[in-house]
Amino acid sequence: MSGRRVLRQIGEIARRDFVQRAKSRAFLITTLITVGLVLSVGPLLSMQLRDPAPYRVGIVGTAPAGFEADLRAAADAVDRTVVMTPYATVAEAERGLDDGQVGAVVARGSEVIWTEEPSAQLAAVINAALHAGSLRATAAELELTTDEVSRLVAPPPPSVRTLRDPDPEAEPRRIGAMVGAILLYLSILMFGQFVMLGVVEEKSSRVVEVLLSRVAPARILAGKVIGVGLLGLTQLVLFGGTIWLALTQIDIADVSLGAVGASIVFQVVAWYLVGYAFFATLYGALGATISRQEDVQSMAMIPVILLLPGYFISIILPENPEMVLGRVASIIPPTSPLVMPIRLAVTSVPLWELLVTLGLLAAAAFGMIRFGARIYSGAVLKIGPKVRLREAWRSASR
C-alpha cells in the first residue's frame, strides 16, 4: 500500500473524530463559557487596578492634630485615597463598621477597631498616620525636631544595594506557568479520555469491525489520536489567545503581560503536543481492552496515576526551582511535559537538559505509540470481559 493511501486513511479517521467531538454540545458549551469568562477578567482587573476603591475610615471623637493629613499621605504612598467619616459615639461607629460603611474605625485617636480580620494594607496606612502624629507630639515635648525623634526611636536602616535589578516579570511568569501547567494537565486528561471513549464506543457498537475491514488497526488508532489531538490543540490555542488578549487589557508598570502571556502560551502548546502523544496513545490502547462504558472510569485512572506526580511537583516547584526531585522530574517522562515548563519559567535551564528532555520524551512517545498500536490490535475485536494487557499483546503477535 502506498504511503499516500496510508496518510489518506489516517487523515479520514482523524477528520471524522475531530468533527464528531467538536460538534458535541458539552464541548461547545464549556469552550464558549470559558472564553467568555476569560475575556471578562481582563477589563474587570484593568478597571480595578486603574481606579481602586478608596479606603473608608471612621473617626470617633477629636482626631490628633494633623491626623487627616498624615492619613492621606500614607494612603498616597500606596496609590490609594481615603474617605473619613465622623461618628459621635463608638457604638455608632461600630454599627457603621458592621454595616460595611467603613473599613476601620479610629476611636479617641489611639484605638483601631476592625470588623474581623484587619486589612494588612489599610492597617499599615492607619498605623503610619498614628505613628507620625505620635512622633510630632514627642518632638514637641522634648523640644526636638520630628527627624531627631525619629532617629532616636528608629535609627536609619543600613544602605542596601543589589548586584542585579529585580525582574518585574518574574512573578507574572511564575503565576502564568502554574496556570499553564493546570491547563496542560486538564487538556491532556480531557482529550486523552476522549480518545478512550471513542475507542470504546466504536468497539461496543461494532463500528470498528467495519473499519478494520478496510484500515489496519494501528492506522485507526493513529487517526483517532491525531483527530482528537487537533481538537485539543484548537481549544488550547483558543484559550491561550483569549488569555493573551485579556492580559493585554491589564496595565502594570514595568511589566509586559502580553509578552509574558504569549511566551507561556507557546510553551504550553509545544509541551501539549509531545505530552498528548504519549498519554493519548496509552488511553487509546487501554480503551481497546474494554467493551463497556462502565469500565471506562476505572481504566482511565491508570494514565491519571502517571499524570498526578508531575502535576503535584509542578505546583511546588516554583518555591524551590533547584530541588533535585524537580530537576529529575523535569527531564524524565512521563512527568517532564508538566514540570519542565515550570522550570523554564522560574529559572534558567541548561540547553543540554532541555535537549535530553525532548529526546527522552520523543523516544517515550514513539515507544508508547508502538506499544499502544500492538495492544489496540490485539484487543479491539475482543467483545465481552476486560482484556488483560498480556493477552492483548500475545494476540497481536499471532
Side-chain angles (χ1 to χ4, degrees), residues 30 33-34 37-38 41-42 45 120 166-194 232-233 235-240 242-244 246-247 250 252 255 257 259-280 282-283 297 300-350 353-354 356-358 360-361 364-365:
T30 54
I33 290 176
T34 304
L37 289 175
V38 172
V41 166
L45 283 178
D167 182 4
E169 295 183 352
E171 186 65 13
R173 273 202 308 272
R174 184 183 72 85
I175 296 174
M178 292 181 65
V179 173
I182 295 172
L183 193 61
L184 192 61
Y185 169 78
L186 293 176
S187 295
I188 292 175
L189 198 66
M190 181 170 70
F191 291 98
Q193 290 189 13
F194 276 178
L233 181 62
Q235 188 187 70
L236 207 56
V237 170
L238 179 60
F239 286 172
T242 305
I243 292 171
W244 173 83
L247 290 176
I250 303 173
I252 299 179
V255 179
L257 287 178
V260 173
S263 172
I264 291 173
V265 168
F266 175 78
Q267 286 192 42
V268 169
V269 169
W271 289 101
Y272 166 80
L273 292 175
V274 288
Y276 169 82
F278 179 90
F279 284 100
L282 176 59
Y283 270 112
Q297 196 66 31
M301 286 302 299
I302 296 176
V304 172
I305 291 171
L306 296 177
L307 271 169
L308 279 177
Y311 174 71
F312 288 134
I313 294 173
S314 70
I315 295 299
I316 64 174
L317 186 65
E319 303 302 325
N320 186 8
E322 295 304 324
M323 65 178 182
V324 176
L325 178 61
R327 295 189 65 177
V328 173
S330 69
I331 294 174
I332 62 172
T335 56
S336 55
L338 294 174
V339 182
M340 182 56 83
I342 298 290
R343 279 195 67 202
L344 290 170
V346 300
T347 188
S348 58
V349 179
E353 286 191 20
L354 184 59
V356 169
T357 300
L358 292 173
L360 289 176
L361 194 54

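Bear in mind that the values here come from a model prediction, so they are computed numbers and not experimental data.
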Report summary line: All heavy atoms of Leu338 vs all of Ser314, minimum pair found to be O-CB, 3.5 Å
Query - salt bridge (Lys or Arg N to Asp or Glu O under 4.0 Å) partners of residues 326-339, not counting sequence neighbours, each pair once - result: Arg327-Glu353
Report summary line: Sorted by chain and residue number, the side-chain contact (heavy atoms from CB on, under 4.5 Å) partners of Leu360 (sequence neighbours excluded) come out as Ile331, Pro333, Val356
**Report entry** Residues that Met301 engages under side-chain contact (heavy atoms from CB on, under 4.5 Å), provided they are two or more places apart
**Finding:** Val304
Query raised in the report: So which pairs with a foot in residues 330-340 pass side-chain hydrogen bond (donor to acceptor under 3.5 Å, both in side chains), sequence neighbours left out?
Result: Ser330-Arg343
**Report entry** Partner residues of Pro334 under the side-chain contact (heavy atoms from CB on, under 4.5 Å) criterion, sequence neighbours left out
**Finding:** Phe278, Phe279, Leu306
Query raised in the report: Partners of Leu238 by side-chain contact (heavy atoms from CB on, under 4.5 Å), sequence neighbours excluded?
Result: Thr31, Val35, Thr242
Report task. Rounded to the nearest 0.5 Å, what's the gap from CD1 on Ile188 to CG on Leu183? Could you check? Result -> 10.0 Å
Requested in this report: Write down the atom of Gly232, the atom of Tyr272, and the distance for their closest heavy-atom approach.
Outcome: CA-OH, 3.4 Å
Report summary line: salt bridge (Lys or Arg N to Asp or Glu O under 4.0 Å) pairs touching residues 181-191, sequence neighbours excluded, are none
Query raised in the report: Taking only residues at least two apart or on different chains, which pairs with a member in residues 308-340 satisfy ring-ring contact (aromatic ring centres under 6.0 Å, His included)?
Result: Tyr185-Tyr311
Report summary line: Minimal heavy-atom distance between Pro337 and Gly275, with the atoms involved, is CG-CA, 3.8 Å
**Report entry** Residue pair Met340 / Leu361, side-chain heavy-atom distance below 4.5 Å
**Finding:** no
Report task. Can you see which heavy atom on Gly326 is nearest to which on Ile313, and at what distance? Result -> CA-CG2, 4.1 Å
Query raised in the report: Between Phe191 and Phe194, what is the ring plane arrangement, given parallel below 30°, perpendicular above 60°, and tilted in between?
Result: perpendicular
Query raised in the report: Rounded to the nearest 0.5 Å, what separation is found between the CG atom of Leu186 and the CG atom of Leu236?
Result: 10.5 Å
Query raised in the report: How about Thr357 and Trp271: do any of their side-chain heavy atoms sit closer than 4.5 Å?
Result: yes
Query raised in the report: With sequence neighbours left out, which residue pairs that include part of residues 177-191 fulfil the salt bridge (Lys or Arg N to Asp or Glu O under 4.0 Å) condition?
Result: none
Query raised in the report: Going from CD1 on Ile302 to CG on Leu307, what distance comes out if it is rounded to the nearest 0.5 angstrom?
Result: 12.5 Å
Query raised in the report: Minimum heavy-atom separation for Pro303 to Ala300, with atom names?
Result: CD-O, 3.2 Å
